[in-house]
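Since the structure is predicted, the reported quantities are computational estimates derived from the model, not experimental observations. The chain is numbered in sequence order, starting from 1. Just follow the structure's listing: the first ligand is 1, and inside any ligand the first atom is 1.
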Amino acid sequence: MSNREVPFVKGHGTENDFVLLPDHDGTALADLSPAQVAWLCDRRAGVGGDGVIRVVRTDATDDPAAVAAREQAEWFMDYRNADGSVAEMCGNGTRVFAQYLVTHAGVDPTGGLPIATRDGVKVATFTDDGRIGVDLGSARVLADTEVSVGERSWPATHVDVGNPHAVVFVDDLDDAGPLHESPAYDEVAYPDGVNVEFVVRRGPEHVAFRVFERGSGETRSCGTGACAVMLATVLADGRVAPAPGEGAVTYRVDVPGGELAVAWTDEEHLVLIGPAVLVASGVAHLPDD
Ligand SMILES: N[C@@H](CCC[C@H](N)C(=O)O)C(=O)O
């Protein structure tokens with residue numbers, strides 16, 4: 001077996017951590033396999049992370065999502081889960097990606113930084129206090145559903161944030177017990193799997209959740225999950241989307257890895273806000289398949 005030397009940058013958003021792989025001109029890593037992604041995310045045998053983000057220009061890859069976004073965005077976030085599967089979106093990943101572009105690729109975020117994803121173009125903005133917000137667009141609440149862990153079952157709200165979520169309100173964050181494997185879910189409602197959030201209320205406009213991510217297991221945070229949780233909660237609170245010109249409705253969303261905020265600015269826009277930091281860089285010795 002031979003190894004390829006692959007530069008990487010490691011970063012996280014509220015401890016949802018990613019291995020970023022610079023491949024700006026698309027020549028080095030177009031053939032990255034699921035097994036190689038799983039190795040990169042392995043916390044003992046590899047680098048370690050909840051996911052891998054390949055950083056590539058939209059005009060340097062033939063991924064259909066990047067091709068479709070070429071007029072609007074220079075950069076494509078090619079996101080993979082820790083098991084090597086491809087996901088449509090990663091909210092915290094977009095924030096870490098924006099941090100990378102500004103600090104490592106010389107990108108000027110003034111006026112908003114467009115990022116192409118498999119769920120369309122998302123615009124990141126840097127706040128005065130050093131956090132990064134990303135407009136994830138609209139989310140849709142679909143039919144009620146159910147999830148279970150062992151003998152316990154809960155009603156859940158199906159929320160589509162570009163990727164699939166099941167939001168479960170519980171009395172206590174420990175109610176679901178250890179999450180070593182995915183909660184059971186309705187495979188008709190979620191033919192491609194689901195991210196499951198267990199949520200408690202902490203106070204007015206303030207919630208906390210644990211998450212089991214499709215393809216990555218229990219993680220310390222999930223940005224799209226925070227948006228799904230916020231939307232399910234705000235609707236359960238009987239509120240409606242702010243009309244144009246009204247101020248945003250903002251909820252604080254705590255996760256095991258820190259604190260996020262989600263602002264509902266109008267029917268079409270949920271903005272995920274929180275810290276994003278780059279913590280290391282190096283060279284991975286990527287095994288061949
Ligand atoms: N951690 C992410 C979500 C990553 C994708 C997810 N596991 C999926 O398969 O849909 C986030 O911050 O949104």
Side-chain angles (χ1 to χ4, degrees), residues 10-20 34 37-38 40-41 43 48-54 65 76-100 115 117-120 122 124 131-140 142 147 156 158-167 179 181-183 185 187 189-199 208-232 253-262 270-277:
K10 177 80 191 285
H12 73 90
T14 50
E15 299 180 359
N16 198 189
D17 61 340
F18 309 102
V19 181
L20 292 101
V37 170
L40 284 161
C41 290
R43 296 188 186 280
D50 296 327
V52 161
I53 297 174
R54 177 172 160 250
F76 176 56
M77 178 181 79
D78 180 2
Y79 175 81
R80 324 284 176 93
N81 285 318
D83 66 356
S85 59
V86 171
E88 304 87 342
M89 240 319 273
C90 177
N92 287 325
T94 49
R95 297 185 312 97
V96 176
F97 191 86
Q99 186 71 277
Y100 168 89
I115 296 168
T117 76
R118 293 192 174 84
D119 185 47
K122 314 295 177 186
R131 293 178 300 164
I132 298 178
V134 63
D135 185 346
L136 297 189
S138 59
R140 287 183 310 145
L142 303 172
V147 300
H158 183 168
V159 186
D160 180 350
V161 191
N163 58 352
H165 294 267
V167 177
L179 292 171
E181 58 187 34
S182 175
Y185 56 88
E187 293 183 11
Y190 299 109
D192 300 317
V194 64
N195 303 285
V196 181
E197 290 83 23
F198 295 94
V199 190
F209 76 92
R210 284 171 74 192
V211 60
F212 188 97
E213 282 195 45
R214 174 181 69 166
S216 298
E218 184 168 14
T219 61
R220 306 270 302 160
S221 179
C222 177
T224 48
C227 290
V229 164
M230 188 278 186
L231 189 63
V253 183
D254 294 349
V255 290
E259 181 182 326
L260 294 163
V262 179
L270 282 167
V271 181
L272 169 71
I273 305 156
V277 288

Asker: Can you list everything that forms a side-chain hydrogen bond (donor to acceptor under 3.5 Å, both in side chains) with Thr94? Sequence neighbours excluded, please.
Answerer: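 Per chain and number, Thr94 pairs via side-chain hydrogen bond (donor to acceptor under 3.5 Å, both in side chains) with no residue.
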Asker: If you have a sec, work out which protein heavy atom is nearest atom 3 (C) of ligand 1 and how many Å separate them, to one decimal?
Answerer: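 Result for atom 3 (C) of ligand 1: Glu213 OE1, 3.4 Å.
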Asker: Hey, mind stepping through Cys222 and Val255 against side chain to side chain contact (heavy atoms under 4.5 Å, CB included) and telling me if it holds?
Answerer: CA-CA 8 Å; Cys222 177; Val255 290; over 6 Å; no
Asker: Distance under 4.0 Å to a non-hydrogen atom of Asn16: what atoms of ligand 1 satisfy this?
Answerer: 1 (N), 2 (C), 11 (C), 12 (O)
Asker: Hydrogens and angles aside, do Ser221 and Asn92 bring a side-chain donor and acceptor to less than 3.5 Å of each other?
Answerer: yes
Asker: Check Cys222 against ligand 1 and report side chain, backbone, both or neither, counting heavy atoms closer than 4.0 Å.
Answerer: both
Asker: Where is the nearest protein heavy atom to atom 12 (O) of ligand 1: which residue, which atom, and how far?
Answerer: Gly223 N, 2.6 Å
Asker: As a check for students: among Met89, Arg80, Arg214, identify the option with a heavy atom nearest to atom 5 (C) of ligand 1.
Answerer: Met89
Asker: Between Asp119 and Thr117, is any side-chain donor less than 3.5 angstrom from a side-chain acceptor?
Answerer: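 No, no side-chain donor-acceptor pair sits under 3.5 Å.
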Asker: Assess the residue pair Thr224 and Asn163 against the criterion (side-chain hydrogen bond (donor to acceptor under 3.5 Å, both in side chains)); give the C-alpha distance rounded to whole Å, side-chain angles, the decisive distance to 0.1 Å, and a yes or no.
Answerer: CA-CA 8 Å; Thr224 48; Asn163 58 352; 3.1 Å; yes
Asker: With heavy atoms under 4.0 Å as the rule, classify the contact between Asn195 and ligand 1 as side chain, backbone, both or neither.
Answerer: side chain
Asker: Indicate, as side chain, backbone, both or neither, the part of Asn92 found under 4.0 angstrom from ligand 1 when only non-hydrogen atoms are considered.
Answerer: both
Asker: Record the part of Thr224 in heavy-atom contact with ligand 1 below 4.0 Å; permitted values are side chain, backbone, both and neither.
Answerer: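 Both backbone and side chain.
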Asker: Please verify the inter-ring angle class for Phe18 with Tyr79; under 30° counts as parallel, over 60° as perpendicular, anything in between as tilted.
Answerer: perpendicular
Asker: Which atom names give the shortest non-hydrogen contact between Leu272 and Gly223, and what distance separates them?
Answerer: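 In terms of heavy atoms, the two residues are closest at CD2-CA, 3.5 Å.
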Asker: Out of all atoms in ligand 1, which are within 4.0 Å of some heavy atom of Gly91? Include the element for each.
Answerer: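 Every atom of ligand 1 under 4.0 Å from some heavy atom of Gly91: 11 (C), 12 (O), 13 (O).
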Asker: What atoms of ligand 1 come closer than 4.0 angstrom to any heavy atom of Tyr79?
Answerer: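 So the atoms of ligand 1 that pass are 4 (C), 5 (C).
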Asker: If the cut-off is 4.0 Å to any non-hydrogen atom of Cys90, which atoms of ligand 1 fall inside it?
Answerer: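 Matching atoms, with element in brackets: 1 (N), 2 (C), 3 (C), 4 (C), 11 (C), 12 (O), 13 (O).
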Asker: Do you know which two heavy atoms are closest between Glu15 and Pro256, and how far apart they sit?
Answerer: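 For Glu15 and Pro256, the tightest heavy-atom pair comes out as OE1-O, 4.4 Å.
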Asker: List ligand 1 atoms under 4.0 Å from Asn81, heavy atoms only on the residue side.
Answerer: 4 (C), 5 (C), 6 (C), 7 (N), 8 (C), 9 (O)
Asker: Give the numbers and elements of all ligand 1 atoms closer than 4.0 Å to a heavy atom of Asn163.
Answerer: 5 (C), 6 (C), 8 (C), 10 (O)
Asker: Which atoms from ligand 1 have a heavy atom of Ala87 less than 4.0 Å away?
Answerer: 5 (C), 8 (C), 9 (O), 10 (O)
